[in-house]
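Following: one structure in structure tokens, then a few remarks.
What you see below is based on every heavy atom in this structure, not just the backbone, and it leaves out hydrogens, waters and symmetry mates. Quantities reported herein were computed from a predicted structural model and do not represent experimental measurements.
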Amino acid sequence: MKKMLIPFLLVLSLLTQAQKEKAEAYISAYKEVAILEMMRSGVPASIKLAQGILESQSGESVLALKSNNHFGIKCKTEWTGPTTYHDDDEKGECFRVYENVEQSYKDHSDFLKTRPHYAFLFTLDPTDFDGWAKGLKKAGYATSNTYPQKLLKVINDYQLQQYTLQALARQKNDPLPDINTFTTSIETSSVKKEVNPSIQGISENNAMQFPSKEISEIPPLSIKKTEKTTVYPDGIFIINQSKVVYEKVGKSVLSLANQYDLSLSKLLEYNDIAEMDVLDTDRLIFLEKKLKKGAREFHIVAIGENLHDISQAEGIRYESILEYNHLKKGAAIAVGEKLWLHAPSASISKPVK
């Protein structure tokens, strides 16, 4: 029995890893579209990405690959565009076909915005992910009784909260973007692509292509020393499951500790900083001990970042970064270097650039 169980567990592990990699590729490809759509329509970027992952199987469902329909939106009476037929709740149901994935994202926003039974969702705070997830189910978006739990699990597993926060921050500083001017190099618009349903989600032949360099990459909740316009949410928010606030230079460190009912020594320990009277620069300040592992596998070093910056931005303990990457405290790191946020495999002895 044990001999049969080990191969099964190995296959299960490989499938789980493959699904994770597909989801991460999907997020990397479409996070900017989701952010821009949130700025345009108000649909939270984290909710949209989670729905896209679930509804399209990370972009690899038959409907997504052949019709660019990532949200399972059916034709309805008002749809005048191209259509396709697909078995869903009933056999041979009519679904919308889009020229590209961006159109699917835009139509998903408009679909929610223009239907009265979804109107209450837009009265919720965009960071009320629980309210949005349950509200979508209540309004009839999905028939599955566990749809809200599935959405929230995807949001938490892949730290999708950050993209809603990024959209809110950018709305304060940037002019409203035009989604129609946004283009990617993702080759998913062809309706002739053949799909083998038995290997959806793990086939290399159907692997998601990444956007071109025309899309600006925004690291999750990171501080760039050359970026003085970075905006963070007011009050307490979450990075890698840990509570954190963003405080300005000159803030009394002791008053911060008192404000959040912490001892001064604990506050300094949680943030790996030396004792000081006031903050010497704008800082992310963690209010609890950071986790030993990051939310993702690795971090690519950006201009001006040091190990402490990365520890704070990723919400991972400083000593863990040193351990995973075989580094000493205060070690120099190079722009573009890959730093592991999880323990790498035994075959990897040092960070890979």
Task: Under-4.0 Å salt bridge between K290 and E314 - done: no
Open item on the list: Is any side-chain heavy atom of E93 closer than 4.5 Å to one of Y85?
Closed with: no
Task: Sub-6.0 Å ring centroid separation between F71 and Y141 - done: no
Task: same_hphob_cluster(L254, V245) at 4.5 Å side-chain heavy-atom cutoff - done: yes
- [ ] Using atom types as modelled and distance alone, determine if a side-chain donor or acceptor of E21 lies under 3.5 Å from a backbone N or O of A18.
- [x] no
Task: Gap separating the NE2 atom of H299 from the CG atom of L339, nearest 0.5 angstrom - done: 7.0 Å
- [ ] Identify whether I236 and L291 are in the same connected component of the hydrophobic contact network (ILVMFWY, side-chain heavy atoms under 4.5 Å).
- [x] no
Task: salt bridge (Lys or Arg N to Asp or Glu O under 4.0 Å) evaluation trace for K289 with E269 - done: CA-CA 8 Å; K289 199 158 190 175; E269 176 192 341; 3.6 Å; yes
Task: Check: E319/Y324 side-chain N/O donor and acceptor closer than 3.5 Å - done: no
Open item on the list: Can you see whether Q312 engages N271 through a side-chain donor-acceptor pair at a distance of less than 3.5 angstrom?
Closed with: yes
- [ ] Any chance you could measure L268, atom CG, to S263, atom OG, to the nearest 0.5 Å?
- [x] 8.5 Å
Task: Non-hydrogen side-chain atoms of Q161 and N156 separated by less than 4.5 Å - done: yes
TODO: May I ask you to decide if L327's main-chain N or O and N325's side chain share a donor-acceptor pair within less than 3.5 Å?
DONE: no
Task: Separation of I321 CD1 from S311 OG (nearest 0.5 Å) - done: 5.0 Å
Open item on the list: Test side-chain contact (heavy atoms from CB on, under 4.5 Å) on Y163 and I27; report intermediate values, then the result.
Closed with: CA-CA 10 Å; Y163 303 114; I27 294 163; 3.7 Å; yes
TODO: Dump the intermediate steps for side-chain contact (heavy atoms from CB on, under 4.5 Å) on S56 and L63, then the final yes or no.
DONE: CA-CA 7 Å; S56 74; L63 193 60; over 6 Å; no
- [ ] Flag yes if V43 and L124 sit in one hydrophobic cluster, no otherwise; membership is Ile, Leu, Val, Met, Phe, Trp, Tyr, and two members link when side-chain heavy atoms are under 4.5 Å apart.
- [x] yes
TODO: State whether the side chain of W79 and the backbone N or O of G81 hold a donor-acceptor pair below 3.5 Å, judged by distance alone.
DONE: yes
Task: For the student: nearest non-hydrogen atoms of G140 and Y118, plus distance - done: C-OH, 4.1 Å
TODO: Indicate, with yes or no, if V278 and F286 share a hydrophobic cluster defined by side-chain heavy-atom contacts under 4.5 Å among Ile, Leu, Val, Met, Phe, Trp and Tyr.
DONE: no
- [ ] Please step through side-chain contact (heavy atoms from CB on, under 4.5 Å) for the pair L279 and V253, ending with a clear verdict.
- [x] CA-CA 6 Å; L279 295 181; V253 179; 3.9 Å; yes
- [ ] Could you verify whether a donor N or O on one side chain and an acceptor N or O on the other, from Y98 and D107, lie under 3.5 Å apart?
- [x] yes
Taking distance alone, no hydrogens or angles, what donor-acceptor pairs closer than 3.5 Å link side-chain atoms of residues 126-136 to residues at least two apart or in another chain?
residue : atom : partner : partner atom : Å
T127    : OG1  : D125    : OD1          : 2.5
D128    : OD1  : G131    : N            : 2.9
D130    : OD2  : K134    : NZ           : 3.3

- [ ] Would you mind checking if K106 and E37 are paired as a salt bridge, meaning a charged N to carboxylate O distance below 4.0 Å?
- [x] no
Task: Side-chain donor or acceptor of S58 paired with backbone N/O of L54 under 3.5 Å - done: no
TODO: Without swapping roles, check the side chain of S144 against the backbone of T146 for a donor-acceptor pair under 3.5 Å.
DONE: yes
Open item on the list: Could you tell me if K338 sits above the aromatic ring of F298, with its cationic atom closer than 6.0 Å to the ring centre and no more than 45 degrees from the axis?
Closed with: yes
- [ ] Hey, could you give me the CG/OG distance between L165 and S46, rounded to the nearest 0.5 Å?
- [x] 8.0 Å
Open item on the list: Please confirm whether the ring centroid of Y30 lies under 6.0 Å from the ring centroid of H70.
Closed with: yes
Taking distance alone, no hydrogens or angles, what donor-acceptor pairs closer than 3.5 Å link side-chain atoms of residues 237-244 to residues at least two apart or in another chain?
residue : atom : partner : partner atom : Å
N240    : OD1  : A295    : N            : 3.4
N240    : ND2  : K293    : O            : 2.8
N240    : ND2  : G315    : O            : 3.0

Open item on the list: If you define the side chain from C-beta out and look only at heavy atoms, does anything of E78 sit under 4.5 Å from T114?
Closed with: no
Open item on the list: So, taking the atom named CD in E247 and the one named CD in Q259, what distance separates them when rounded to the nearest 0.5 Å?
Closed with: 6.0 Å
Task: Polar side-chain atom of R96 near backbone of I73 as donor-acceptor pair, under 3.5 Å - done: no
Open item on the list: I'd like to know if E60 pairs up with K66 as an ion pair, taking the criterion as any Lys NZ or Arg NE/NH1/NH2 lying under 4.0 Å from an Asp or Glu carboxylate oxygen.
Closed with: no
- [ ] Using atom types as modelled and distance alone, determine if a side-chain donor or acceptor of E32 lies under 3.5 Å from a backbone N or O of A29.
- [x] no
Task: Considering all heavy atoms, the nearest E337-I333 contact - done: OE1-CA, 3.6 Å
Open item on the list: Using salt bridge (Lys or Arg N to Asp or Glu O under 4.0 Å), reason through E24 and K31 one step at a time and then give a plain yes or no.
Closed with: CA-CA 10 Å; E24 289 174 345; K31 62 186 179 183; over 6 Å; no
Open item on the list: The test is side-chain contact (heavy atoms from CB on, under 4.5 Å); show your working for D282 and Y246 and say whether it passes.
Closed with: CA-CA 7 Å; D282 296 351; Y246 185 67; 3.1 Å; yes
TODO: State, with a plain yes or no, whether a side-chain heavy atom of N145 is found less than 4.5 Å away from one of K137.
DONE: yes
TODO: I would like to know whether D110 and R40 meet salt bridge (Lys or Arg N to Asp or Glu O under 4.0 Å); could you show each step before the answer?
DONE: CA-CA 10 Å; D110 295 343; R40 184 186 72 87; 2.9 Å; yes
TODO: State the CD1-CE distance between I47 and M38, to the nearest 0.5 angstrom.
DONE: 10.5 Å
Open item on the list: Take a 6.0 Å sphere around CG of D277 and say whether it holds more than 12 heavy atoms from other residues, nucleotides or ligands.
Closed with: no
Task: F120 six-ring face occupied by K138 cation (under 6.0 Å, within 45°) - done: yes
TODO: Answer yes or no for R115 and F111: cation-pi contact, defined as NZ/CZ to six-membered ring centre under 6.0 Å and angle to ring axis within 45°.
DONE: yes
TODO: Identify whether M276 and Y270 are in the same connected component of the hydrophobic contact network (ILVMFWY, side-chain heavy atoms under 4.5 Å).
DONE: yes
Open item on the list: Tell me whether K266 is salt-bridged to D261, with the criterion being a basic N under 4.0 Å from an acidic carboxylate O.
Closed with: no
Open item on the list: As a quick check of understanding, evaluate side chain to side chain donor-acceptor pair (under 3.5 Å) for Q51 and Y147, giving each step before the final call.
Closed with: CA-CA 10 Å; Q51 284 194 277; Y147 191 71; 3.0 Å; yes
